[in-house]
Amino acid sequence: MLEAFKPEPFTNFKDEQNRADFEAALKKVEGELEGKYPLIIGGERITTEQKIVSVNPSKKGEVIGRVSKADQALAEKAIQVAAETFEEWKRVPAEHRARYLFKTAALLRRRKHEFSAWLVKEAGKSWVEADADTAEAIDFLEYYGRDMIRLAQPQELTRLPGEDNEAFYIPLGVGIVIPPWNFPLAIMCGMTVSSIVTGNTVVLKPASATPVIAYKFMELLEEAGLPAGVVNYLPGSGSEVGDYLVEHPQTRFITFTGSRDVGLRINELAAKRSDKQKWIKRVVAEMGGKNAVIVDKDADLEAAAQGIVASAFGFSGQKCSAGSRAIILEDVYDQVLQLVVEKTEQLKVGDVSKPDTFTGPVIDEAAQSKILEYIEIGKQEGRLLAGGEKGSDEGFFVQPTIFADVDPNARIAQEEIFGPVVAFIKAKDFDHALQIANNTEYGLTGSVYSRNRYNLEKAREEFYVGNLYFNRKSTGAIVGVHPFGGFNMSGTNAKTGDQDYLLNFLLKKAVSEIL
Ligand SMILES: NC(=O)c1ccc[n+]([C@@H]2O[C@H](COP(=O)([O-])OP(=O)(O)OC[C@H]3O[C@@H](n4cnc5c(N)ncnc54)[C@H](O)[C@@H]3O)[C@@H](O)[C@H]2O)c1
Ligand SMILES: N[C@@H](CCC=O)C(=O)O
C-alpha cells in the first residue's frame, strides 16, 4: 500500500552535517567534470563528431561535459525506436509503469546532493535553488506515479439496464519532450515521466545549456530498470533537430516548456498536417511570464520588500515565475523602494559553489548580453537605483538591478527579460495596481501583499494569472500544492503537479456492450 503523496522536504543548510555532505557532493562532481556523453537511442550509446560543450556559468573556463549532438538521421532513428517501443510499452499495466517512477525517486533521493551539485555546476544554481530543483524532481516522480494509478481505476458511469459500459484511458503514442534549461532536472524530469507513466514513449531533446544533468537522469531511469527505447536521449540544435522532430508525421504530441517565441513556433509547426499524418498533434506549451508583485498601502512592508527581492533575484531572475514588476501604491512607494534597495545591496553575487551566494550567474553569454541590453533600455525608461552592470568576468554575472518610476507600458515593464532586473511602478490606488498588473500579454504568476480583505478578494477575482499568491513571493510552487501554469501567452495552462496534468497525455475510450 502506497503512502499518500508528501512533498520532499528541503535541506537545512544551517545544519553543519548537511553542509559537509553538500561540499562532499560538489567535490565528487568536480572529479567527474569534462566527461563525454553519447546519445541514447533504444539503449544504444551513439557517439557523434559534433559536440555540445556544456560549461559552468560561474566559471566560464570549466567544462562540465562534452555531449554528442544528433543530426536529422539520428532524430529519425529515435522516432522509429520510440514508435516500435510504444507497441510494447502501451501494454504495460499502469501500476507497473508507476513503479519505475517510484524506484527512480528512491534512487534520486539517495543521491540528492550529488544531483544538486550537478545543478550548481551546470546551471549556476545556488545550493538552496539546486536543492529545491532536485526535491521537485522527486515530487514529480512520486506524484505522477500515484496519479496514474488513480487514473487507471474503473470509472463511474451512469448505468443503463441491459448494457455494460466502461471508460478508460489509453496513451497517445510517440511524444517529443522539449524542456528548458532553468529547471534542468525538475521540469525535464516532470515532462518526461508524465509522458511515459501514461504509456507513451518519447524522444527527449534536452536544453543545450544543460544536457549533462539530463544524461545523469537517463542513467537513473536505466538503473531503475526502465526498458530501453521508452525514453530516447537526443541532444541537438532546436532549429535542425527540434523542427524535424516536431514536424515528423509519427509525432503524436509535443510537450514543451520554454520561451514564448519558440512555443508559438512549435505550436504553428505542429498544427500543419504532414503527409501520412493521421492525427491532430497535441501541444502542451508552457511559456514565459512578466509577473507582478503588488504592495498595498497597509501591507507588511518588510515582508513585501523581502518578497520582492526573493521573487526578482532568486536564481538571478531566471524563473518563469520571477517577479519582474513591483507595483506599489503611491502611499508606501518610497518606503518599499528604499527597503528593497537596501536588501538588494546586501545580496552576495558570485560563484554558487560557495554556500552563501544568493545571486549566481546567468546561464550564458547570450543571456548576459540580452540582459545588459535591457539594462541600457531601462536607463532610458527609469531611474537606476541598484546594479546596472555586469559582475566579475570569471562567469556570466549581472548585478541585481532596480529601476524606479517605470511607465507600465515601457519595454522593461512589458517584455520578459529573464534576468535579475525589476521595474518599480507607482499606482494611484489598488484598482489602478490591478489594472497595471493585468496590462501584459502574459498571465503566469502574481503576488499581492495586503492586509485588506476586500482588496485580497478583489485580486482573487480580477488578477488574471494562473498562480496567484497572497503575502508571499511569486516563485516556488510545490507539486500537489500549487498546480502550476499560466494564462494567455504564458501557455496552455497544462497545470504541472496537478491531478489534471496527466490527462494531457491520454485519450479516453468508452466501450459499451449490449448484454
Ligand atoms: N511556464 C513555465 O512553466 C516555464 C517554466 C520554465 C521556463 N519557462 C520559460 O522558458 C524560457 C527560458 O527557457 P529557455 O531559454 O530554455 O527557452 P527556449 O524557448 O529558448 O528553449 C526551450 C527549449 O526549446 C528548445 N528549442 C529551441 N528552438 C527550438 C525549435 N525550433 N524546435 C524545437 N525546440 C527548440 C531549446 O533547445 C530548449 O530545449 C523563459 O521564457 C521562461 O519563462 C516557462
Ligand atoms: N515552478 C517554478 C517556476 C518554473 C519556471 O521557471 C516556480 O513556481 O517558481
Non-neighbouring partners of F13 that pass ring pair (Phe, Tyr, Trp, His ring centres under 6.0 Å), sequence neighbours left out:
F22, W127
Is there a side-chain contact between I417 and V421, using heavy atoms and a 4.5 Å cut-off?
yes
Sidechain-backbone polar pair: D500 side chain, K495 backbone, donor-acceptor under 3.5 Å:
no
What residue pairs, at least two apart or across chains, pass ring-ring contact (aromatic ring centres under 6.0 Å, His included) with a residue in residues 75-94?
W89-Y100
Looking at OG of S324 and CD1 of I308, how far apart are the two atoms once the value is rounded to the nearest 0.5 Å?
12.0 Å
Nearest-0.5 Å distance that lies between atom CD1 in I64 and atom OG in S54
5.5 Å
Yes or no on side-chain contact (heavy atoms from CB on, under 4.5 Å) for R325 and V293, after CA distance, side-chain angles and deciding distance?
CA-CA 6 Å; R325 294 180 296 155; V293 180; over 6 Å; no
Suppose we screen for ring pair (Phe, Tyr, Trp, His ring centres under 6.0 Å). Which residues come up paired with Y501, at least two apart in sequence or across chains?
Y144, F505
Side chain proximity check, L151 to M148, heavy atoms < 4.5 angstrom
yes
Please lay out, stage by stage, how N200 and V174 fare under the test side-chain contact (heavy atoms from CB on, under 4.5 Å).
CA-CA 6 Å; N200 306 291; V174 174; over 6 Å; no
Any S369 side-chain heavy atom under 4.5 Å of F396 side chain
no
Residue pair E415 / K290, side-chain heavy-atom distance below 4.5 Å
no
Determine whether a donor-acceptor pair (N or O, by modelled atom type, separation under 3.5 Å) exists between the side chain of T48 and the backbone of K69.
yes
ring-ring contact (aromatic ring centres under 6.0 Å, His included) contacts in which one or both residues fall within residues 25-74, not counting sequence neighbours
Y37-Y215
Closer than 4.0 angstrom, basic N to acidic O: yes or no for E87 and K90?
yes
Could you go through E32 and K28, starting from their C-alpha distance and side-chain angles, then the distance that decides it, and tell me whether this counts as salt bridge (charged side-chain N to carboxylate O under 4.0 Å, His left out)?
CA-CA 7 Å; E32 294 172 17; K28 179 176 191 307; 2.8 Å; yes
If we count only N and O atoms by modelled type, under 3.5 Å, do the side chains of E122 and T210 hold a donor and an acceptor together?
no
Determine whether R146 and L101 make a side-chain contact, defined as any pair of heavy atoms from C-beta on separated by less than 4.5 Å.
no
Set of side chain to side chain donor-acceptor pair (under 3.5 Å) partners for T47, sequence neighbours left out:
none
Does some side-chain heavy atom of N182 sit less than 4.5 Å from a side-chain heavy atom of I363?
no
Does V120 reach the side chain of S126, with side-chain heavy atoms less than 4.5 Å apart?
no
Should K348 and D356 count as an ion pair when the cut-off is N to O under 4.0 Å?
yes
Between the side chains of T134 and S116, is a donor N or O closer than 3.5 angstrom to an acceptor N or O?
yes
Report the distance from atom CD1 of I254 to atom CD1 of I266, rounding to the nearest 0.5 Å.
7.0 Å
In sequence, state the C-alpha distance, the side-chain angles, and the governing distance for T198 and L503, and then conclude on side-chain contact (heavy atoms from CB on, under 4.5 Å).
CA-CA 9 Å; T198 39; L503 299 180; over 6 Å; no
Restricting to pairs with a member in residues 36-52, which pass salt bridge (Lys or Arg N to Asp or Glu O under 4.0 Å), not counting sequence neighbours?
E44-K77, R45-E222
Non-hydrogen side-chain atoms of V340 and V309 separated by less than 4.5 Å:
yes
Atom pair CG (D498) and CG (D147), whose distance is rounded to the nearest 0.5 Å:
8.0 Å
Under the side-chain contact (heavy atoms from CB on, under 4.5 Å) rule, collect the residues that match up with A366, sequence neighbours excluded.
D364
Tell me whether the count of non-hydrogen atoms from other residues, nucleotides or ligands lying under 6.0 Å of CD in E365 goes above 12.
no
For Q153, look at atom CD and say whether over 12 heavy atoms of other residues, nucleotides or ligands are found less than 6.0 Å away.
yes
Step through the shown structure and confirm whether more than 12 heavy atoms of other residues, nucleotides or ligands are within 6.0 Å of CD on Q50.
no
Scan for salt bridge (Lys or Arg N to Asp or Glu O under 4.0 Å) pairs involving residues 127-140, sequence neighbours excluded, and state none if there are none.
K125-D133, E129-K319
Could you state the interatomic distance from OG (S237) to OH (Y244), rounded to the nearest 0.5 Å?
14.0 Å
Tell me, please, which residues at least two apart from Y442 pass ring pair (Phe, Tyr, Trp, His ring centres under 6.0 Å).
none
Quick check for you: to the nearest 0.5 Å, what is the distance between N504 atom CG and S194 atom OG?
8.0 Å
Excluding sequence neighbours, so at least two apart, what forms ring pair (Phe, Tyr, Trp, His ring centres under 6.0 Å) with Y143?
F5
The complete set of salt bridge (Lys or Arg N to Asp or Glu O under 4.0 Å) pairs with one or both residues in residues 97-113, sequence neighbours excluded, reads E8-R109, E8-K112, E95-R99, R109-E142, R111-E114, R111-E223
Scan for salt bridge (Lys or Arg N to Asp or Glu O under 4.0 Å) pairs involving residues 55-67, sequence neighbours excluded, and state none if there are none.
E34-R66, K59-E62, E62-K121
